[in-house]
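All chains are named by letter (A, B, ...) in the order of the sequence lines, taking the proteins before the strands, and each is independently numbered beginning at 1.
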Amino acid sequence: MAKERKKLKKKEGNAAKYTTRNKALNRLQIKLPEFRRLCILKGIHPREPKKKFEGSHKTYYHVKDINFLAHEPLLETGRALKVYKKKIKKAQAKKNWSLVTRLEANKPSYSLDHLVKERYPSFIDALRDLDDPLTMLHLFATFPAEASYKIPAETVNNCRRLSLEWQAYVARTHCLRKTFISVKGIYYQADVAGQKITWLTPHVLSQVVPNDIDIRVMLTFVEFYETLVGFVNFKLYHSLGLKYPPILDSKLEAEAAELYAVMRDLGKEAHEASEKEKDSNDFNSLSDTDTNHAQEPVNTESRLAESRARLASLQDRLSKMAKPEGNEKLLGVTDDDENMEEDENEDDDTRQCKALFKDLKFFLGREVPRESLLLLIRAFGGVASWAGDNAPFEESDEDITHQIVDRPTQGHIFLSREYVQPQWVYDCVNNRLLLPTIDYLLGRVPPPHLSPFVDNEKEGYVPEYAETLKRLQTAKEGKVLPLPGEEGSKDTEQFLESVVANRTESMEELRKTQKQAILEKTYQEELTKEIAGIPFSGSIQTMDRDEVDGEHVVEKEAYSHPETMDEEPPSAIAKAMMPRKARKLYAAMQIGKQKKQAEIDLLKERKRKSERKQNKKVGEI
Amino acid sequence: MRSSEKKQVEESKKAASNGAVVSDINGVPSVPDSAREDISNATSESEDEDWHNSSSDNDGDSSSISDNTDESSDEDDEDTKAINEAMLDYMGALEERRQREALGSEEEEPRSARTEVESDSSEDEVVPSRNTIGNVPLHWYKDEQHIGYDLAGKKIKKKEKQDQIDSFLAHTDGSKSWRKIYDEYNDEEVELTKEEVDMIRRIRAGRIPHAEVNAYEPYVDWFDWDGKGHPLSNAPEPKRRFIPSKWEAKKVVKLVRAIRNGWIKLDKPKEKPKFYLLWGDDLKATEKTANGLTYIPPPKPKLPGHEESYNPPVEYIPTQEEINSYALMYEEDRPKFIPQGFQSLRQVPAYSEFIKERFERCLDLYLCPRSRKKRIDIDPESLIPKLPKPKDLQPFPNICYLEYHGHTGPVVSIAVDPSGMWLASGSMDQTVRLWEVQTARCCRVWSLDGPVRHIAWNPRKDLGILAISLQSKVLLLDLELGTSDPDEVSKLLALNPSVMDNDGDGALVTWMKHENLKALEVKHSQEVLSITWHHKGDYFTSVAPDANTRAVLVHQLSKQQTQNPFRKLQGRVVTAMFHPSRPFLFVATKMHVRVYNLVKQQLSKKLMTGLHEITSMAIHSKGDNLIVGSKEGKICWFDMDLSTQPYKTIKNHHEDIQAVAFHTAYPLFASCADDSTVHVFHGMVYNDLLQNPLIVPLKILHGHSKTGGRGILDCCFHSNQPWLFSAGADSVIKLFCD
């Protein structure tokens, strides 16, 4: 009897919690492609059971996940769509064209809104996972909408639009923090609602879709990402009091000045919103006419001139009002109150970012990546124009301070402006200061472009140029921060305190203070040199050597002190007392450390070799 | 109507081709007119004439057109030939004319009419020529007298052949002779008229033969279309045209129902805004997903480092050799990304792997099992246990204070006098030396007849007896120190007469007097490797590992007796020791330590060391703790009250541990090994049973050099000072003081 009894279903343990993929397919009664699509849309991924009861080669899903899928309305919608497609096919086969057209016209649609809400119950959750969607959308925005790739043109356009809207938001709120030109593309990092969002855009060159990828998978992802980013954009625009979606200036869009087109609309809308509240303010009305002029497609030269004149008067008035905001005006973002509010909300970082390119006017050459640079310059408070119709101002504008070019030689050179390579903008942004342009001038090989995402101290290797940049930064901060003497004394006090507390800590402190002293010294030297009129780039080399020597001396001093106390590090004996597990872990960590050290050594070795080579060359000359 | 038009065009064409006939007869060029008129006039009479028409003429006629078109290409080459051909082709027409002349003028009208009819019909019939043989090869008549038959059936005789000269003359003389053509078929000479020559010329030029014909006359639609339905039908409207369709009505009903039920939507649904405010204002992150499972966010990709830059610092770009060397690496070790440097931004190409990498990321997102892994982000130094500082645990041997030089071979064993004044050392150079501890002076040297294996000092202070193992012998040597009582010692070392009697083959050992020295000799069957004294100084054990069941022997000095406590031993015995206060014997074999109760004569404990090969053992002065050294460089500390498993295993040496030692007074223990180091530990045993012993590594003592692959062979503590002696294979003994 007992044998005949039905085998009871497991109620606990791995077998009850997890199920294999094939079982899930049977349960849901769908085919694998459809399952894959649902998983992508619902964000369901396999999970690792503690014990793989059906073998290690199988994929396991959580039973709850599968049940969750089973209750998904999309599952039914998918089936209905499939049936509908059959209907169309049948009508086509019967050559019932009227029915085909009618069916095609009334095709049932579905939306993924509920999935967005379900997967990201709060806005922060959505922001946290925004890296991949943004990268994907930026990639798809550059895709060829070719039939051979099976990428619908509509998707490409939508991706382009969404990415531009995002960029416009970032530029407007000045929340861009870091950027980096890599071989793969351009990385950006923005800080939105306290979340660091990093995305990568490919270089603006045509993409070739390789054969060995399944574009359907990517398209499914993109489908969800489009919805997600759409809602995120809506929320972000809503928080700014703007209408979403913004209406693009079609003419500007056609001229491939998309970002500008979106921004322009934003400016207009923001203004309109404020206009309802404050009509009497002549400042507003003035700018209103101004922006309206800009909006009109029949924008003749004379009108431009007129608006420029008005702008000038506006700026005059503004300066009287002691409101240092010259750049926003050109975009038409001239809402007083809003800016005030924003200022209150802004943190130091945003304020710093906003003011970086303040009062600077850029002109972009044809050959530079316009979209990227427009985003950067806008996000950091600058004004930019480009070569082409409908550009905000001409190349011949007298006020242009920097022209960004990337060509071997420049034909006509305005003496009033500096011709710099695009990397200058990126480096300035990463270091939050206007670097000296001398190294970045037209036709020169710019200094190395360093990643802002690397913590050099933690990595253990600081590239030469990073040190230079740091020195520049400290030099800049020196003007604002308390005097070096005071700082030093404070540090020494701290040092005295820490000596009592912990020896190792004090060691670090000591080193830090000594480094600081060196930095100060170099700063002083720099100042004297500056006064003497020695060009900066020339002096870098000599200073570096000095500094390196100085550091060596410091380290020697620092180390010599404790070693007299105890010639053998106590840890060497204590290691014997570690349990085996800890010992092995320690050994593994040491291996990792050694690897890292080996990498650093390799870098140093290469650096030395290249320097030697350079010295040789110099010697030969 | 299109077909009728076409037909007309064809008609006119055909008329043109047969135009010679028409123009010759009535000189009226307009063919279509006459054709229309004569449709009804076609008579039967003309038809029977048609009947006679030979097809040959017809053939000739049509071919003349085709030939003409052909000729137009290579006309100039064969001028005369072409003329001849054209003339021959035209023969039909000539014959026709000749025939007509024969028939008479009264027939003119109907004939012309008939030809028109002919041209209309598909089978062209041409007027029969003089000869009626038809389209047969002429060479059939070559040898005949006639060339054929005329209409009446009479033979037509061949003409007499003209003289060549005559013909030549005729050819040259007559101004019209160039127009004359010989018709082979009818055997006659024909003279072409002016019109005919003209026609030939036109044909040759590829034009329409008749000068009067206009090929491009304006099209006249002769059919009068007004008021005439097409196709013409006079049938009355059927009834069904007036009855409303049943099926249509059904369809309409269906549609109406569909519209009512909303299956068919007539007007486009209102477009809802695609995006709306989905989230409220709460900025709190949620951990749980909708299905109640914890949300595991996808891991963020690694952020790019300097090496990924388009213009990285020089040191990040590998040299060509390094890149080449990557090819030799295993695929998994190979770097995924090779840094590249570009002089300017415009030179940066598109990254070919971009889409691939994104695709792989997509795959990772939905295919990779996600699980939360706790990352250990700890400082490796924090793994090292926090121990009390050695400074606070002083005194302990710290610095090398004295060196005892004198041995010429590796010093194998050392032992300190219980009073702490003397140090004895045994060496492979076959000597035993006695040193004054404080001065490092070598007081006495005993040269023996073999390498010394082990020495042990009798724990009684008043005796001064040293036990020395010399291969298979154990010597009990009187050191004759001033402190000892010489009478008692000599009494003890005098050979007991009862032992002499007992001497036999079955005895375990032989007790005898040493020949030269003041010593007692105990002869074993196998080599003795270790000797240990009981704390009272009367009993001692000797271990001869190769002696199988007799490996461990217990000797009593006072009675000079030997007994074998074990009938059987498990494993090769390394060393044996007495408990310092209670009647227990510890026997260390290769992997275990067995504790035997000597009173009950049974095994009381078996300590599981977990070591591969034990080399040495030492017991704490209180007897509850034990350390064991092994060849893997591990020390095991056993707390016997705690368990039979080691309380702590310390892996401190790289090579074989040679000896371990406890200090009798201080909480110190030490181990020495072949890696020429002595590790000194603090090993505090508390009286409180609940508190576990405290073990703190204190110091690693260096100083000995490695000789012949061996480092330090023995170490022992001073009996009452925190000093440590170490005996090295480099034949030096060192004293480490605090």
In terms of heavy-atom pairs under 4.5 Å with chain B, which of [options] leads?
{"options": "A/V368, A/D214, A/T198, A/V116", "value": "A/D214"}
{"options": "A/Q421, A/H238, A/E118", "value": "A/H238"}
{"options": "A/D113, A/N106, A/T59", "value": "A/D113"}

Test: B/K274 cationic atom under 6.0 Å from A/F234 six-membered ring centre, within 45° of axis: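 Here B/K274 fails the 6.0 Å and 45° test against A/F234.
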Quick one: what part of [X] sits under 4.5 Å from any heavy atom of chain B, side chain, backbone, both or neither?
{"X": "A/E459", "result": "neither"}
{"X": "A/D131", "result": "side chain"}
{"X": "A/Q195", "result": "neither"}
{"X": "A/P49", "result": "neither"}
{"X": "A/R119", "result": "neither"}
{"X": "A/P446", "result": "both"}
{"X": "A/I44", "result": "backbone"}
{"X": "A/I215", "result": "neither"}
{"X": "A/E367", "result": "neither"}
{"X": "A/K604", "result": "neither"}
{"X": "A/V204", "result": "neither"}
{"X": "A/Y60", "result": "neither"}
{"X": "A/V209", "result": "both"}
{"X": "A/R608", "result": "neither"}

Supply the atom-to-atom distance [X] [atom1] to [Y] [atom2], rounded to the nearest 0.5 angstrom.
{"X": "B/H306", "Y": "A/F453", "atom1": "NE2", "atom2": "CZ", "answer": "11.5 Å"}
{"X": "B/R358", "Y": "A/F140", "atom1": "CZ", "atom2": "CZ", "answer": "10.5 Å"}
{"X": "B/L278", "Y": "A/S122", "atom1": "CG", "atom2": "OG", "answer": "11.0 Å"}
{"X": "B/Y316", "Y": "A/S451", "atom1": "OH", "atom2": "OG", "answer": "9.5 Å"}

Side-chain heavy atoms of B/L277 within contact of A/K235, under 4.5 Å: yes
Within-4.5 Å side-chain heavy-atom neighbours: B/Y310 and A/H203: no
Flag if over 12 foreign heavy atoms under 6.0 Å of CZ, B/R257: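 No - once you tally the heavy atoms of other residues, nucleotides and ligands closer than 6.0 Å, there are 12 at most.
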Modelled atom types, side-chain donor and acceptor of A/D65 and B/N291, under 3.5 Å: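 A/D65 vs B/N291: donor-acceptor pair found between side chains.
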Ring geometry between B/Y276 and A/F231 (parallel below 30°, tilted from 30 to 60°, perpendicular above 60°): perpendicular
Which atom of B/V348 lies closest to which atom of A/L205, heavy atoms considered: O-CD1, 3.8 Å
Can we say [X] and [Y] salt-bridge, meaning some charged N sits less than 4.0 Å from an Asp/Glu carboxylate O?
{"X": "A/K184", "Y": "B/E353", "value": "no"}
{"X": "A/D132", "Y": "B/K300", "value": "no"}
{"X": "A/R606", "Y": "B/E322", "value": "yes"}

Counterpart residues, ring-ring contact (aromatic ring centres under 6.0 Å, His included), relative to A/Y426 (two or more places apart): none
